[in-house]
Structure formats: C-alpha cells, structure tokens
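First the proteins, then the strands, lettered A, B, ... as listed; each starts at 1.
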Amino acid sequence: MDFAFSEEQGFIRDTIQKFIARECDREVVKKLDEDGQYPEKLFQTIAQMGFCGLTVPQEYGGGGLDSLGAAMVTEELAAISPVLAGAFCATTFSGGLVISSLGSTDQKEALLPEIVQGGLCVTFGVEEPDSRYGSVLVQTAAAKSGEGFLLEGSKSFVRCADRADYIIVLADTDGDADSGDTLTLFLVDMKSPGVKVEPMDKVGFHSSSLCRVVFEKVLVPARSILGGEEMFKKGWSQLENVMAVRHLEVAALAVGLSQGAYDYAAGYAKEREQFGQPISRFGAVRTLLSEMAIGIQTGRDLLYRACWRADSLKGFLKEALMARIVASRVAQRSAMDCMQVLGGYGYANEYDAQRYLRDSMVLFEGKISSDDLMGSLSALLGLDGASR
Amino acid sequence: MDLRFEERQEKLRETMRKFVEQEIPREYARELDEKDEFPHHLIRKLVDYDLARINIPREYGGHGGDILDLMIIFEEIAKRFPTLCWSFGNILLYGNEIIGVNGNTEQKEKYLPRLAKGEIKFSFGLTEPDAGSDAASIRTRAVFEDGHYVINGNKMFITGAGVTEYTITFARTAESKYNGITSFIVDTSLEGYSAKQLEKIGHRGSNTCEVTYENVRVTPGDILGGQEGLNKGWWQEMKLLNQERLVLSSCALGIAQAAFDDALVYARAKLGRTQDKGVAQMIQHQLADMASSVEAIRYLIYAAAWKETKGMQPVMETSISKYFSAETAKKVVTQGLDILGADAALMEHDMQRYLRDIMIYSIGGGTSEIQKNIVAKTLNL
Ligand SMILES: Cc1cc2nc3c(=O)[nH]c(=O)nc-3n(C[C@H](O)[C@H](O)[C@H](O)COP(=O)(O)OP(=O)(O)OC[C@H]3O[C@@H](n4cnc5c(N)ncnc54)[C@H](O)[C@@H]3O)c2cc1C
C-alpha cells in the first residue's frame with residue numbers, strides 16, 4: 001500500500017494553490033457572489049494552465065487519466081469558490097471523464113481536444129421535475145424520426161445549462177415498455193432548435209446557474225447517442241458510469257467546501273479573543289474544529305480511493321457514492337459549525353461563513369436526498385432484496 | 001400532574017394562528033425576507049389585535065400576562081416569519097419586559113402606556129464589536145459631566161437599533177467589570193447616535209445594526225431604574241435572562257415545527273412515488289425522528305417556562321432549553337433539507353430560509369457553548 005501522490009499530482013496541487021493565492025482571493029469571490037457573475041476569466045486561466053485535460057487520454061491531447069488530479073484541483077478551487085470548482089467539474093468530469101469512457105470514437109475525436117482547451121462545458125440532464133433517478137419514471141421521450149430522434153420533455157437541476165455546449169440527456173426510447181433497457185443517453189448540442197433554458201432561483205452558488213431545460217421537438221441525429229448508434233437502448237448500463245462520475249464531482253466539491261470552511265473558521269478562532277484569550281483555546285471551539293477536521297479527512301480519503309479506482313479502470317460507483325454521502329454530510333456540518341465558531345459575525349454577509357452555508361445547500365444538486373442515496377447504496381450492497 | 005394549557009392560553013394560540021394565516025401568507029413572508037425591510041406594517045397589525053399590552057402589569061393598563069403568553073405568541077409567529085418575533089420583541093421584550101422589571105415608577109408611567117399602543121419600541125444595546133460572549137467586557141463609556149452622562153462607544157448586532165425610538169444602552173460608569181456597568185434609556189433621536197443596518201443571511205428585516213455613540217448626552221433620570229440603577233446594569237440584565245432564553249427557545253420551536261410540517265407534506269408526496277418499501281421506511285423514520293425532536297423541544301421549554309411562572313428561578317432549566325432547542329431545531333431543519341433533497345435549496349421552497357433563520361439561535365442571546373458553561377457551573381463542575 002502506498003498513499004504517496006505522484007510527482008505530477010504534487011505539482012498540480014502546488015500550481016493551483018499558487019493560482020488561487022495570485023488571482024482568486026476572498027474579495028474577488030465575494031464580489032462574484034454578490035453580483036451573481038460567472039467567473040469566466042478565472043476559468044479561462046485555469047484552462048490555460050492545462051488542467052482541463054486531466055481526465056482525457058493522451059491520444060486526444062490530454063494528460064492521461066488522472067481523475068485524482070482533477071479531484072484535487074476541484075477541491076482546492078471549491079475551498080475558495082465552489083462555483084469556479086463547479087465550472088471545472090463540468091469540463092473535466094461531466095465532459096472529459098464521461099466522454100473518454102463512454103463516447104464513440106467520433107465523439108471523442110470531435111470533443112475531447114476542445115475539452116482539453118477548456119472550451120467546452122458539458123452538463124447532465126438526468127432528473128426530471130416529477131421523477132427520481134433510479135425509478136423508471138423517465139418522461140423525457142425520444143421518438144424515432146427519419147434519420148434521428150425527436151426529443152420531448154424536460155430536465156431539472158441542470159447545472160450551468162445556460163452556458164453549456166452539450167447536455168447528456170437520459171431519454172425513453174421506447175414509448176410503452178417500462179423496463180430499464182428502453183433508455184438511451186444522448187449527447188445533445190445545446191444550440192439545437194427547441195432547447196429552452198430556465199434558470200431556477202436558489203439560495204447559493206449565486207454566480208452560476210441551476211436550470212430547468214425544456215426540449216420541444218428537438219431533432220437529435222442518431223450519431224448523437226452517447227457511444228454511438230450501437231448504444232441505442234443501452235442507457236441504463238451507461239448511467240452507472242455517469243452517476244459514478246457525478247458522485248465523484250459532488251464529493252470533490254463537498255470536501256473542498258468543507259476544507260474552505262474549516263480554514264476560515266480556524267483562522268478566525270486563532271484571532272478572535274473573548275475572556276482575554278483566543279477562542280481557539282476553549283474546549284468547545286477546539287472540539288468543533290477537530291470534529292470538522294476528522295470529517296474532512298474521512299471524506300477526502302473516500303474520495304481519493306474512489307478516484308484511484310476510477311484511474312485504475314476498476315468500477316467505482318459504490319466508492320464514489322459512499323464518498324459523496326460522507327462528504328456532503330461533512331460539508332453541511334462544516335458550514336454550520338464554521339458559522340458557530342464565528343458567532344454573530346458568522347451571520348453577517350460581510351463574512352464568508354454565510355456563503356459557505358448557502359453554497360452547501362446547493363451541493364445536493366440533482367433531485368437527490370439522503371434516502372435516494374442510501375437507497376442506491378443499500379442496493380449496491382445487495383440489501384434491497386432484488387437478485388442481481 | 002397536568003400538562004394542558006389553560007383555556008385562556010389556548011385561545012391566545014388560536015388568535016395567533018388566525019393572525020398568521022390572515023396577515024402573513026407564505027408568499028408575503030418570502031417577499032419580506034427578500035426585501036430585508038423592518039415589518040412596521042405587521043407590528044401595527046399586532047398592536048391592533050391588542051397584543052402589545054399582553055405582558056404589561058394590570059396597574060399600568062396591561063393584561064398582566066406572563067412568559068407562557070409570550071412564548072405562545074412567538075412560537076406561532078416563528079412558524080411563518082421569525083423576523084417578526086424579534087421586531088415584536090422590540091416592544092414585548094426590550095420594552096415592556098425591561099421597563100416592567102427594572103424601570104422605576106416614573107419610567108413605567110412614562111413608557112408602558114406608549115408601548116402598549118405601539119407608539120414606541122425599544123432595542124437592547126449590550127454587545128460590542130469586541131464584547132460578545134464576554135459581554136461584561138464592554139468599553140462604551142458614560143462619563144458624568146455638567147449634570148449629564150456623555151456616552152461614547154460602539155455597539156454591534158443591535159436588533160432594531162435603526163427603527164426603535166429608544167435603546168437600552170449598557171455603558172461603563174466604573175472600572176469594576178460587573179459592578180461598573182449602567183444601563184441607560186437612550187432616545188435614538190439624540191444627537192450623536194447613529195445606526196447602520198447590517199446585511200445578514202437570516203432574520204432579514206430585523207434591522208440588526210452597528211451603532212455609534214458620539215457624545216450622546218442623557219440625564220441621570222435616564223438611568224434604568226433611576227439613580228439607584230447606577231452601576232447595576234449587569235444585575236438588571238441578569239434578571240431578564242430567563243425570559244430571553246425562553247422566548248428564543250419558543251422561536252426555535254416554531255421554526256422546527258414549520259420545517260417538520262413542510263417536510264411532512266413533501267414526504268407524503270414522495271412516499272406516493274416510492275416503490276421500494278425499504279426506502280419508504282427510511283423516509284418514514286426520518287419523519288418520526290423529526291417528530292420526536294419537536295416534541296422533546298416543546299415539553300422541555302414549556303416545562304422550564306412553567307417553573308419560571310411559579311417563581312422557581314429555573315436558571316439551569318432555561319439554559320438547557322435555549323441550548324437544546326437551538327441545537328435540536330438545527331438538526332430538525334437539516335433533516336428537512338434532506339427530505340427535500342435538491343429542492344431544499346430553491347427559493348420556491350421555505351426550507352432554505354428555515355436553515356438561514358434557525359442558525360442564529362445557537363449564537364444570539366448567549367451561544368450554545370455559553371449555555372453549556374452555565375449548565376456546567378450549576379452542576380458545580
Ligand atoms: C442577528 C443578530 C442579532 C443580535 N441582536 C442583539 C441585540 O439585539 N442586542 C445585543 O446586545 N446583542 C445582539 N446580538 C449579539 C449576540 O448576542 C452575540 O453575537 C452573541 O452573544 C455572541 O457573541 P459574538 O458574536 O461576539 O461571538 P463570540 O463571543 O466571539 O463567540 C465566538 C465563538 O466562541 C465561542 N466562545 C466564546 N466564549 C466562549 C467560552 N467561554 N467557552 C466556550 N466557547 C466560547 C462561542 O460560543 C462562539 O462559538 C445579535 C447577534 C446577531 C447575529
């Protein structure tokens with residue numbers, strides 16, 4: 001066993017930390033949040049540093065498969081700006097990692113080089129207003145029409161849909177049957193006529209969007225099926241990989257956000273004095289911060305293990321899901337306890353604790369609650385009684 | 001043993017429920033939260049319902065109500081819009097209660113009738129930028145000069161300080177940490193007083209301010225309790241703590257109840273869609289857990305309040321109430337977030353606001369850690 005990072009991973013962490021220190025301080029992020037402005041320029045700088053190719057194989061211009069490296073970048077960014085980290089995920093995970101593993105050769109050749117340049121934002125459309133992932137209730141339908149399909153329906157909680165170039169859409173391709181193998185994943189160009197985007201009003205992640213995407217008779221060519229035409233009606237099996245990637249993303253965002261909240265709270269606790277001493281000396285404050293540190297390390301270890309499996313081409317759904325569950329809980333707890341450590345100042349908008357708390361609520365993207373996650377996990381553990 | 005509320009109290013609760021349904025529809029509460037403006041208009045309505053005199057002694061024209069009445073009012077309002085609890089607190093708690101408990105006859109006669117009519121409101125100015133949990137370390141000073149006390153200093157997080165006509169100002173009048181503090185009734189229209197509203201994540205509209213005193217001149221007659229109140233500020237404040245903790249506990253209960261109620265509606269819809277019975281049970285048990293917590297808060301805090309009305313001086317009990325209700329309500333709200341999943345973060349649901357609002361109860365009015373310090377002290381640890 002070996003917990004050491006590769007030299008390159010060390011370099012990645014170092015470089016991104018330097019970038020943050022140089023260009024992305026708390027004031028910059030605060031301003032973006034207040035103005036609800038997307039951090040386009042910052043993201044482009046990250047792309048120029050070459051980080052968007054971290055999940056793309058070398059033959060397509062990337063750095064080879066290093067989702068651990070990408071998770072590290074996500075973490076570092078999320079500690080200061082979960083929004084910027086989310087933008088990075090949309091390119092590297094939803095984009096690079098999914099297309100590298102599930103795309104057809106044509107799709108890879110067309111899209112991966114652009115992803116490496118940071119020029120492509122890919123998002124998921126899995127949840128629907130009235131359905132849950134995991135249930136068979138996928139109402140978005142794609143009916144055969146000439147050479148392609150006509151897509152009809154809507155998806156909710158789609159991240160960054162207003163800026164995305166492509167959306168991976170789960171659709172029912174067999175009107176009447178209701179077993180899993182009627183589903184197909186499409187890689188839909190967001191510029192297609194009939195795609196409409198409606199931003200949802202949310203409590204956090206103010207400088208990026210969460211949207212409803214409506215498809216009104218959108219014509220999708222057959223070659224847009226993710227993985228090519230032979231993957232028609234194989235969406236269910238691909239979904240496992242898509243969801244696993246998504247769990248990784250959220251876990252990485254959550255670990256980073258938690259770390260940011262911890263650093264902020266610990267820094268404050270060492271400075272703030274009450275009763276003639278820094279509050280960090282009080283047993284209560286030490287307990288709050290130590291519990292946070294334990295939680296963060298637990299989430300991070302699970303995350304890295306899931307990444308390691310992904311990078312070793314082993315299945316990583318269960319590991320990523322566990323990482324997501326733990327890390328999301330830790331993020332919520334850390335954001336709340338960060339506010340507690342700051343006391344009254346934690347409640348004031350002038351300080352960042354309130355932003356960590358608001359952002360932590362949006363982390364649960366996807367219509368996913370803990371019973372959904374635990375439902376999925378317990379099923380993976382063979383506890384749902386279904387024979388597998 | 002009998003744990004029922006009296007008929008009079010049940011009637012008050014009924015009135016409050018009606019008030020909330022009629023005057024604060026959900027949409028309106030959301031709008032107020034977004035606008036971040038003091039709810040003058042709703043205060044006016046509460047006064048019209050004749051609620052502002054509820055805890056004023058009968059001899060001063062009030063209804064002579066007690067802490068249980070306040071808690072019933074606050075719990076019901078908090079279910080819909082907790083900011084209004086605080087704003088109404090600018091009359092009931094920081095006006096009626098402070099003047100009623102610590103004022104001299106002259107002050108009671110001067111202020112209570114006007115408070116009862118909603119003509120004036122009070123804020124409570126103790127905390128300073130560097131004196132929060134350690135409130136007795138305040139540095140705002142009142143110096144006696146030519147027959148006046150001249151006040152200089154800064155206060156922080158003073159709720160309502162920019163909209164109330166008077167503010168109770170704790171200032172240092174002698175060096176002794178606890179025996180050198182005097183509370184003054186300060187007219188906020190006096191020269192040298194200024195308040196700036198802070199932006200914050202929850203309880204929006206409460207007008208919580210940063211306050212500056214620059215040579216604000218008051219008379220010895222403005223000392224709370226009159227001349228005898230000199231250097232007694234800290235001990236006057238101690239007399240209010242049980243009430244304050246209980247009132248805050250009832251707000252936390254209201255928010256927890258609201259989170260539970262919303263989660264229940266949502267969970268029912270979810271159960272209707274869930275085919276996996278095991279997953280259904282996860283949802284059911286989550287709700288059962290929340291229900292247990294809300295029930296525990298309710299009985300704990302009303303039992304402590306009952307002791308307070310019987311003059312049993314339940315210091316440990318009110319600290320436990322404040323601590324337990326705040327922390328448990330936070331837990332209930334996070335479970336509510338869990339039930340709603342991603343929907344919880346949307347402004348079209350109130351769950352995100354419940355979290356924003358509940359977070360202050362483990363901080364304001366003595367943090368959870370400070371409450372536990374008090375409990376530990378009463379346990380002789
Ligand atoms: C919205 C809002 C409204 C408010 N309204 C009013 C008002 O109307 N009037 C008023 O006077 N004040 C008001 N306050 C102030 C409030 O009472 C204080 O914020 C509170 O007492 C905590 O003080 P602090 O913010 O300075 O935190 P600090 O005292 O700096 O506490 C920071 C952290 O250190 C911990 N800590 C501090 N001392 C100890 C210790 N001895 N042992 C263990 N842990 C410790 C705390 O628990 C907390 O976690 C309000 C505050 C807010 C945010």
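- Counting heavy-atom pairs closer than 4.5 Å to chain B, the top-ranked of the candidates A:Q274, A:Q354, A:M339, A:R272 is A:Q274.
- Side-chain atoms of B:R172 come within 3.5 Å of backbone N or O of B:I138 as a donor-acceptor pair.
- Contact of B:Q286 with chain A is made through the side chain alone, with heavy-atom distances under 4.5 Å.
- Neither the backbone nor the side chain of A:F282 comes within contact range of chain B, judged by heavy atoms closer than 4.5 Å.
- A heavy-atom distance below 4.5 Å is not found between the side chains of B:H285 and B:D289.
- Ring centroids of B:F124 and B:F170 are separated by less than 6.0 Å, placing the two rings close together.
- B:Y354 and B:D262 share a side-chain donor-acceptor pair at under 3.5 Å.
- With a threshold of 4.5 angstrom between heavy atoms, B:A131 approaches chain A through N, CA, C or O but not through any side-chain atom.
- With a threshold of 4.5 angstrom between heavy atoms, B:D130 approaches chain A through its backbone and through its side chain.
- Under 3.5 Å, the side chains of A:T182 and A:D172 contain a donor-acceptor pair of N or O atoms.
- Both the backbone and the side chain of B:S362 come within less than 4.5 Å of a heavy atom in chain A.
- Contacts between B:M156 and chain A at a heavy-atom distance below 4.5 Å involve the side chain alone, from C-beta outward.
- In terms of heavy-atom pairs under 4.5 Å with chain B, the best-connected choice from A:A284, A:G375, A:G344 is A:G344.
- With a threshold of 4.5 angstrom between heavy atoms, B:R353 does not approach chain A through any atom at all.
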(request) Verify salt bridge (Lys or Arg N to Asp or Glu O under 4.0 Å) between B:E27 and B:R30, making sure each step is shown before the conclusion. (result) CA-CA 5 Å; B:E27 282 308 315; B:R30 286 177 193 172; 3.2 Å; yes
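- Using the six-membered ring where Trp is involved, A:Y268 and A:Y351 have ring planes that are perpendicular, over 60° apart on the 30 and 60° scheme.
- B:S368 touches chain A through backbone and side chain together, each having a heavy atom under 4.5 Å away.
- Residues B:F157 and B:T159 have side chains not in contact (no heavy-atom distance under 4.5 Å, counting atoms from C-beta outward).
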(message) B:R204 vs B:D357, test: salt bridge (Lys or Arg N to Asp or Glu O under 4.0 Å). Steps then yes/no.
(response) CA-CA 8 Å; B:R204 291 165 56 80; B:D357 284 341; over 6 Å; no
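- Neither the backbone nor the side chain of A:R355 comes within less than 4.5 Å of any heavy atom of chain B.
- For the residue pair B:H203/B:Y361, the side-chain donor-acceptor check at 3.5 Å is satisfied.
- Per-residue heavy-atom pair counts under 4.5 Å with chain B were compared for A:K202, A:M374, A:E273, A:Q340, and the maximum is reached by A:Q340.
- Proximity to chain B (any heavy atom under 4.5 Å) is restricted, for A:L288, to the side chain, taken from C-beta onward.
- In this structure, chain A has heavy atoms under 4.5 Å from both the backbone and the side chain of B:I360.
- Highest contact tally toward chain A, considering only B:D276, B:T334, B:T127, is held by B:T334 [criterion: heavy-atom pairs under 4.5 Å].
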